[in-house]
Amino acid sequence: MKGWNGQLLRVDLSKPKARAQKYDGKLARTFLGGRGFAVKILWDELRVNVAALSPENKLLFVAGPLSGFLLPSSGKLVVAAKSPLTGGYGDGNVGTMLAVHMRRAGYDGVIIEGKAKKPVYIWINGGRTEIIDAGDLWGLGSFKTEKEVEARHGKPIGVLSIGPAGENMVKFANIVSQQGRAGGRAGMGAVMGSKNLKAVAIKGTQEISAADPDELKRLGTDAHREILDKSNYDFWKRQGTMATIEWSQENSVLPTNNFREGVFDEAESIGGFIMEKMKVSNRGCPNCNMTCGNVIKDSTDEPSELDYENVAMLGSNIGLGKLKEVASLNRLADDWGIDTISLGNAIGFAMEASERKLLDYEIEWGDFDRAKALAGDIVYRRGIGSTLAEGTRFASEKLGGDASDWAMHVKGLEMSGYDCHVAPGMALSYGTCSIGAHHKDAWIISWEVSFGRESYAEAKVDKVIELQRIRGGIFECLTTCRLPWIELGFELDWYPKFLSAATGENLTMRDLNVIADRVLNLARAFWIREYQKGWSAAADNPPPRWFKEPLTRGPFKGKVLDREKYDAMLQLYYGKRGWDTRGIPRQTTLETLELLDVAQELLRYVKLAK
Ligand code: SF4
């Protein structure tokens, strides 16, 4: 095999032992890598209804066949497991040198099984794996942990670690690398903590074998140059995704006060232009010349890496309008290893509950000191923080009354940063994303605004499907970043060429779309097998707030989502996907995607339409 290493590493922490395992070309050609491999392995190997924080769950780090080569924005991997937050399939991508070193050590993925008796970290030095005592690292933040592991083993290496949020199994703890690159917002850090695994470090030095190394090198050079020449490259380097704050404000989609509104009075003070004045450096993922992490000094003069999502969720969504304070919350979250998006939801939810006098805890919109204290209470599971650490869905159920109307999540995963009172396409994207409410798979919002945002037209359903194929399918399986394409207009045609030179496989965009559909359907089958008879189309609904509570401010004052029209859109989406009215893939759909065995397994739990 070329491009793919054809080998995974299994580390069983219970025994403890590690072994390399070859896989065949069929897996590579049908699931590609990254998310594709992760979904397939979890489907095949996890016991149904396994407790997500038990030793039986598996934690996967999987790269795609382009990762580690000198191709644009290719230093990524996917972290995946059954999610403790949602009970369904969970994953996230991280830009990290660990992806590069893992591939150069000869592995396309590492599968962590079992649970260590006491805290450990895994050190993979080429073909040799050691499980090392981490008693002295336990309790440290992710920043110090990474530095300490690097000091022990010497740079350059790749490190992924958890902070105290993962150790304390906060259900939206993530996994962190390089002082601010984080992934796995559906609780992958909690799964890592449940295994007593503090960090994974890899050093890999061998060349990854390519089918046509000269062509791959030429393509990489040309592609990097083309990105540099793009007309909006300079502005991107200045602001990255932070320019979206002003755009969201102008278009009334900036999440404000727990997604009550789409405009925020202090948007300008947390926006891209003010950030530029404070910026001290750019950070980025390996092999990327777009380096979109904007570093500013926070309110304690410490560096904090900002992007749109963390500023929207820890800024406007909790009513906080001072960028240095937002940066402080963000830096603490990265160091603690807790997802900034879900944290912004949890704090916003608590602020609203406090305002409604439903909570024996006082915290007002925009109160930085209280927000910081509450974030710490969540991470260390103190008082009300312990309830919020279980996720906003759980907290709303515990609170009772109408709290579930304004707990902003889909399938238990908290909403990322776009208000959808007047964005039905984006609401559908959140509703049908493979991990819960996340923008990654189908960021339709900018297209939707220019298309006509109040429309429920069929074109929006088509666009969601198209984007889910490209973003949630192709990019997540290749584990290359979508941003060169979406932000700078770097053509998709490059990717089949990269794949051909790397692997020797001549896959067309059409072939890649089929793989994307296969992966999405298998992820959906995973959810349905876990939920079984509890599954219904209601699982794909955005939160009731957007249907019931009109915006009270801004250009779309008085607007809400239309329940009937959303339901019709969802059914149209199901029809185009080859799913029945419950959102369950039809037997023929699974068979067409070469998932016959999946259909047979699903039949044990639910009826399948033909
Ligand atoms: S564009 Fe940003 S997120 Fe994407 S690979 Fe580059 S630095 Fe990472």
Side-chain angles (χ1 to χ4, degrees), residues 33-35 63-64 66-79 91-103 158 160 174-185 220 223-245 272 275-276 279-296 303-312 330 334 339-341 416-417 438-441 443 446 467 470-472 474-492 494-495 498:
R35 173 180 266 183
L66 303 184
S67 249
F69 288 119
L70 286 173
L71 297 170
S73 314
S74 62
K76 291 205 165 208
L77 53 70
V78 159
V79 296
D91 75 13
N93 77 47
V94 198
T96 168
M97 278 308 293
L98 189 118
V100 178
H101 281 279
M102 182 176 79
R103 293 267 290 153
L160 284 172
N174 58 16
I175 299 173
V176 184
S177 189
Q178 298 174 210
Q179 321 279 308
R181 322 220 75 70
R185 54 177 300 240
H224 275 108
R225 190 175 306 123
E226 181 168 315
I227 287 171
L228 286 177
D229 288 343
K230 290 288 182 191
S231 58
N232 43 349
Y233 179 82
D234 290 343
F235 184 65
W236 172 264
K237 283 284 278 195
R238 280 165 46 202
Q239 295 207 0
T241 59
M242 282 292 292
T244 313
I245 294 281
M275 180 279 300
E276 271 195 67
K279 186 163 161 175
V280 292
S281 65
N282 278 61
R283 284 189 200 152
C285 309
N287 299 344
C288 179
N289 60 355
M290 290 170 61
T291 54
C292 68
N294 298 295
V295 181
I296 71 164
S304 176
E305 184 181 330
L306 300 177
D307 67 19
Y308 170 75
E309 287 293 335
N310 47 50
V311 173
N330 177 65
D334 285 344
D339 177 57
T340 52
I341 297 173
S416 53
H438 197 49
H439 59 288
K440 180 177 66 182
D441 286 8
W443 187 72
S446 72
L467 292 174
I470 297 168
R471 297 171 59 109
I474 298 170
F475 283 120
E476 291 303 305
C477 291
L478 294 175
T479 63
T480 55
C481 183
R482 63 201 176 269
L483 294 174
W485 164 67
I486 196 75
E487 298 292 349
L488 301 188
F490 181 70
E491 296 290 337
L492 288 175
W494 282 95
Y495 293 91
F498 294 155

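Atoms within each ligand, like the ligands themselves, are counted from 1 in listed order.
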- Using a threshold of 4.0 angstrom between heavy atoms of the protein and any atom of ligand 1, which residues qualify?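 For ligand 1, the contacting residues are Ser73, Lys76, Gly284, Cys285, Cys288, Met290, Thr291, Cys292, Cys481, Leu483.
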- Indicate the ring-plane relationship of Trp485 and Phe475, choosing parallel, tilted or perpendicular according to the 30° and 60° boundaries.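 Plane angle between 30° and 60°, so tilted.
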- Item | By side chain to side chain contact (heavy atoms under 4.5 Å, CB included) - contacts of Gln178 (at least two apart) |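 By the side chain to side chain contact (heavy atoms under 4.5 Å, CB included) rule, Gln178 matches Thr96, Met97, Glu146, Arg181, Pro286.
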Please examine the side chains of [Y] and [X], heavy atoms only from C-beta on, and report whether any two atoms are closer than 4.5 Å.
| X | Y | answer |
| --- | --- | --- |
| Val295 | Gln179 | no |
| Val311 | Met242 | yes |
| Asn93 | Glu476 | yes |

- Message: Within the supplied structure, the quantity of interest is the number of heavy atoms (other residues, nucleotides, ligands) at a distance under 6.0 Å from Leu70 CG; does it exceed 12?
- Response: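 Not buried by this count: 12 neighbours or fewer within 6.0 Å.
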